[in-house]
Enquirer: 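One structure follows; several queries about it will come next.
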Amino acid sequence: IYTQAANIYKLQRKNALAGQTFEKAANAQIKADSSDEASNTLVEAYKSYKMEVPIEAARCLSKAIEMFVARGQFRRGANFKVDLAELYENELTDVKNAIASYEDAADWYRGDSAQALSNKCSLKAADLYCDEQVGDYDKAATVYERIAKESLNNNLAKWSLKEYFLKAILCRLATNNDYASGNALLNRFNQWDPTFSSTREFEFLNKLIQAVRDGNSDEIANASRDYDKIARLDALKIRILNKIKSSVTEAPDELEEDFT
């Protein structure tokens, strides 16, 4: 009866009430020792709450995931962990919980031999480590480097190697101007993939490393503008480049305009 009522609320677009009523149905199912039904009903509560009350949606989905995992349904749990991570990232702007959810999903996918899905979640977590709320560029660099190494013999993933190489070195440079680690990575990546030295990414990174070594913020900006003319810099890379540049010299006002 609770489920029927919740569906009527959905038809009336009273989504918060629908979510509350699905929760009542789930609680009744738990009391009736029907955890399978209860976890599915909590997912319905999450879908309803998501429209109006995302914090309640996250709570219900977290509870459903716990129930899936308790029954050994890690693949299903991983799928919903991604949904939870996206909810934290996009609706609640809770970066730390988004990272934790992406990392859980990555571990569970890896345990289910779904390496591509695992890597996708790890990369999302790495991107969020570069968020201003976290700023753990060293950890992000480690993830990009690991996935690059795992992708060397993967015909589908090898086309993304340049992107992983670029992000890994940018993050090293953003970590206390660590141009020595950046240069070491550049040489290591060139050994892993000898074609890398002929790319615009390699040339760009070479210039950046030299500019950071020299403490020359103007050259960082110039190299970034030149690269951006050929391969458009996305918001994440601009943010990291601004961090690199601002640590070399006092940050100007309109930082993002420096590299566009």
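Starting from 1, each residue takes its place in the sequence as its number.
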Enquirer: Hey, any chance Ile147 and Ile99 share a hydrophobic cluster, counting ILVMFWY side chains that come within less than 4.5 Å of each other, even indirectly?
Expert: no
Enquirer: Near Asn187 CG, under 6.0 Å, is it more than 12 heavy atoms from other residues, nucleotides or ligands?
Expert: yes
Enquirer: May I ask you to decide if Ala114's main-chain N or O and Ser118's side chain share a donor-acceptor pair within less than 3.5 Å?
Expert: no
Enquirer: Does a side-chain N-to-carboxylate-O contact under 4.0 Å join Asp193 and Lys158?
Expert: no
Enquirer: Quick check for you: to the nearest 0.5 Å, what is the distance between Tyr102 atom OH and Leu123 atom CG?
Expert: 11.5 Å
Enquirer: Looking at side-chain heavy atoms only, is the closest gap between Lys96 and Asp94 below 4.5 Å?
Expert: yes
Enquirer: Determine the minimum heavy-atom distance between Val82 and Cys121, stating which atoms define it.
Expert: CG2-SG, 3.6 Å
Enquirer: Membership question, hydrophobic clusters at under 4.5 Å side-chain separation (ILVMFWY): are Val53 and Leu17 in the same one?
Expert: no
Enquirer: Please tell me whether Tyr129 and Tyr137 form a close aromatic pair, meaning their ring centres lie under 6.0 Å apart.
Expert: no
Enquirer: side-chain hydrogen bond (donor to acceptor under 3.5 Å, both in side chains) between Gln191 and Arg188: does it pass, once the steps are laid out?
Expert: CA-CA 5 Å; Gln191 290 175 353; Arg188 183 183 306 162; over 6 Å; no
Enquirer: Count the heavy atoms of every other residue, nucleotide or ligand shown that sit under 6.0 Å from CG of Asn90, and state whether that count exceeds 12.
Expert: yes
Enquirer: Keeping the roles fixed (side chain from Asn190, backbone from Leu186), state whether a donor-acceptor pair exists under 3.5 Å.
Expert: no
Enquirer: Please confirm whether the backbone N or O of Glu89 pairs with a side-chain atom of Thr93, one donor and one acceptor, at under 3.5 Å?
Expert: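 Absent.
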Enquirer: Charged N to carboxylate O under 4.0 angstrom, Lys50 versus Asp83?
Expert: no
Enquirer: Could you tell me whether the side chain of Glu219 and the main chain of Ala211 form a donor-acceptor pair under 3.5 Å?
Expert: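 No; judged by distance alone, with no hydrogens or angles, the pair does not exist.
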Enquirer: Give a yes or no on whether the backbone of Leu236 and the side-chain of Asp234 come within a donor-acceptor separation of less than 3.5 Å.
Expert: yes
Enquirer: Would you find more than 12 non-hydrogen atoms of other residues, nucleotides or ligands less than 6.0 Å from Gln12 atom CD?
Expert: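 Enclosed.
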Enquirer: For the residue pair Ala38 and Ile30, what are the closest heavy atoms and their distance?
Expert: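 That closest heavy-atom pairing would be CB-CG1, 3.6 Å.
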Enquirer: Between Val143 and Val134, is there shared hydrophobic-cluster membership here, with clusters defined by ILVMFWY side-chain heavy atoms closer than 4.5 Å?
Expert: no
Enquirer: Side chain to side chain contact (heavy atoms under 4.5 Å, CB included) for Glu103 and Ser122? Distances and angles first, verdict last.
Expert: CA-CA 6 Å; Glu103 289 181 334; Ser122 293; over 6 Å; no
Enquirer: Give a yes or no on whether Ile1 atom CD1 has more than 12 heavy-atom contacts from other residues, nucleotides or ligands under 6.0 Å away.
Expert: no
Enquirer: For side chain to side chain contact (heavy atoms under 4.5 Å, CB included), just list the numbers for Tyr227 and Arg200, CA-CA rounded to whole Å, side-chain angles, deciding distance to a tenth of an Å, and then say yes or no.
Expert: CA-CA 7 Å; Tyr227 179 81; Arg200 61 177 68 95; 3.8 Å; yes
Enquirer: Does Ser160 use its side chain to pair, donor to acceptor, with the backbone of Glu163 at less than 3.5 Å?
Expert: no
Enquirer: Working to the nearest 0.5 angstrom, can you tell me the gap between Leu166 CG and Leu233 CG?
Expert: 8.0 Å
Enquirer: Do you know which two heavy atoms are closest between Ala105 and Ala78, and how far apart they sit?
Expert: CB-O, 3.8 Å
Enquirer: Count the heavy atoms belonging to other residues, nucleotides or ligands that lie under 6.0 Å from CG of Asn154, then report whether that count exceeds 12.
Expert: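 For Asn154, atom CG is crowded (more than 12 foreign heavy atoms under 6.0 Å).
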Enquirer: Could you pull out the closest heavy-atom pair between Ala5 and Thr21, with the gap in Å?
Expert: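 Nearest pair, atom of Ala5 first, then Thr21: CB-CG2, 3.9 Å.
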Enquirer: Looking at CG of Asn177 and OG of Ser247, how far apart are the two atoms once the value is rounded to the nearest 0.5 Å?
Expert: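 Here the interatomic distance stands at 3.5 Å.
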Enquirer: Quick one, Asp112 and Trp108 - any side-chain contact, counting heavy atoms below 4.5 Å?
Expert: no
Enquirer: Shortest non-hydrogen contact from Cys60 to Ala45?
Expert: SG-CB, 4.0 Å
Enquirer: Under the criterion salt bridge (charged side-chain N to carboxylate O under 4.0 Å, His left out), I'd like the reasoning laid out for Glu44 against Lys47: C-alpha separation, chi angles, the key distance, then a yes or no.
Expert: CA-CA 5 Å; Glu44 293 303 315; Lys47 291 177 182 177; 3.5 Å; yes
Enquirer: Looking at every heavy atom in both Ala58 and Leu92, which two are closest together, and how far apart are they?
Expert: CB-CD1, 4.1 Å
Enquirer: Taking NZ, NE, NH1 and NH2 as the nitrogens, is one of them in Lys124 or Asp127 under 4.0 Å from a carboxylate oxygen of the other?
Expert: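 Asp127 and Lys124: not salt-bridged.
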Enquirer: Verify the cluster assignment for Phe165 and Val212: are they in a single hydrophobic cluster under the rule of side-chain heavy atoms below 4.5 Å apart?
Expert: yes
Enquirer: Test side chain to side chain contact (heavy atoms under 4.5 Å, CB included) on Gln115 and Lys120 and set out the steps.
Expert: CA-CA 9 Å; Gln115 195 61 44; Lys120 184 177 180 181; over 6 Å; no
Enquirer: Is Asp178 salt-bridged to Arg172, going by a charged N under 4.0 Å from an acidic O?
Expert: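 Looking at Asp178 and Arg172, the cut-off is not met.
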Enquirer: If I take atom CD from residue Glu86 and atom CD from residue Glu91, how far apart are they, to the nearest 0.5 angstrom?
Expert: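 So the CD of Glu86 and the CD of Glu91 are separated by 10.0 Å.
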Enquirer: Going through the distances and angles, do Asp138 and Cys171 end up as a side chain to side chain contact (heavy atoms under 4.5 Å, CB included)?
Expert: CA-CA 6 Å; Asp138 198 46; Cys171 286; over 6 Å; no
Enquirer: Using the rule ring pair (Phe, Tyr, Trp, His ring centres under 6.0 Å), only one of Phe68, Phe74, Tyr46 pairs with Phe80; which is it?
Expert: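 Looking at Phe68, Phe74, Tyr46, the match for Phe80 under the ring pair (Phe, Tyr, Trp, His ring centres under 6.0 Å) is Phe68.
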Enquirer: Using side-chain hydrogen bond (donor to acceptor under 3.5 Å, both in side chains) as the criterion, point out the one residue from Ser39, Ser35, Ser34 that pairs with Glu37.
Expert: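 Single pass found, and it is Ser34.
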Enquirer: Got a salt bridge between Asp107 and Arg110, using NZ or NE/NH1/NH2 to carboxylate O under 4.0 Å?
Expert: yes
Enquirer: Just how far is it from atom CD of Glu201 to atom CD1 of Ile230, taken to the nearest 0.5 Å?
Expert: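 Going from the CD atom of Glu201 to the CD1 atom of Ile230 covers 9.5 Å.
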Enquirer: So, Asp228 side chain and Ser224 main chain: donor-acceptor pair closer than 3.5 Å or not?
Expert: no
Enquirer: Using a strict threshold of under 4.0 Å (side-chain N to carboxylate O), is an ion pair present between Glu145 and Lys149?
Expert: no
Enquirer: Which is it for Glu23 and Tyr49 under the side-chain hydrogen bond (donor to acceptor under 3.5 Å, both in side chains) test, yes or no, and what are the steps along the way?
Expert: CA-CA 10 Å; Glu23 275 200 88; Tyr49 276 134; 2.8 Å; yes
Enquirer: What class does the angle between the rings of Phe189 and Phe196 fall in, given that below 30° is parallel, 30 to 60° is tilted and above 60° is perpendicular?
Expert: perpendicular
Enquirer: Going by atom types alone, do Asn119 and Tyr109 pair a side-chain donor with an acceptor below 3.5 Å?
Expert: no
Enquirer: Taking atom OH of Tyr179 as the centre, does the number of heavy atoms from other residues, nucleotides or ligands within less than 6.0 Å exceed 12?
Expert: no
Enquirer: How many angstroms lie between atom CG of Leu208 and atom CD1 of Ile169, to the nearest 0.5 angstrom?
Expert: 9.5 Å
Enquirer: Are the side chains of Thr3 and Phe22 in touch, meaning some heavy atoms are under 4.5 Å apart?
Expert: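 Yes, at least one pair of side-chain atoms sits under 4.5 Å.
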Enquirer: Is Glu56 paired with Arg59 through a side-chain N to carboxylate O contact shorter than 4.0 Å?
Expert: yes
Enquirer: Only one of Lys237, Lys243, Arg239 clears side chain to side chain contact (heavy atoms under 4.5 Å, CB included) with Leu170; which?
Expert: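 Exactly one option meets the side chain to side chain contact (heavy atoms under 4.5 Å, CB included) with Leu170, and it is Lys237.
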Enquirer: Is there a path of hydrophobic side-chain contacts, each under 4.5 Å between heavy atoms of I/L/V/M/F/W/Y residues, joining Ile238 to Leu205?
Expert: yes
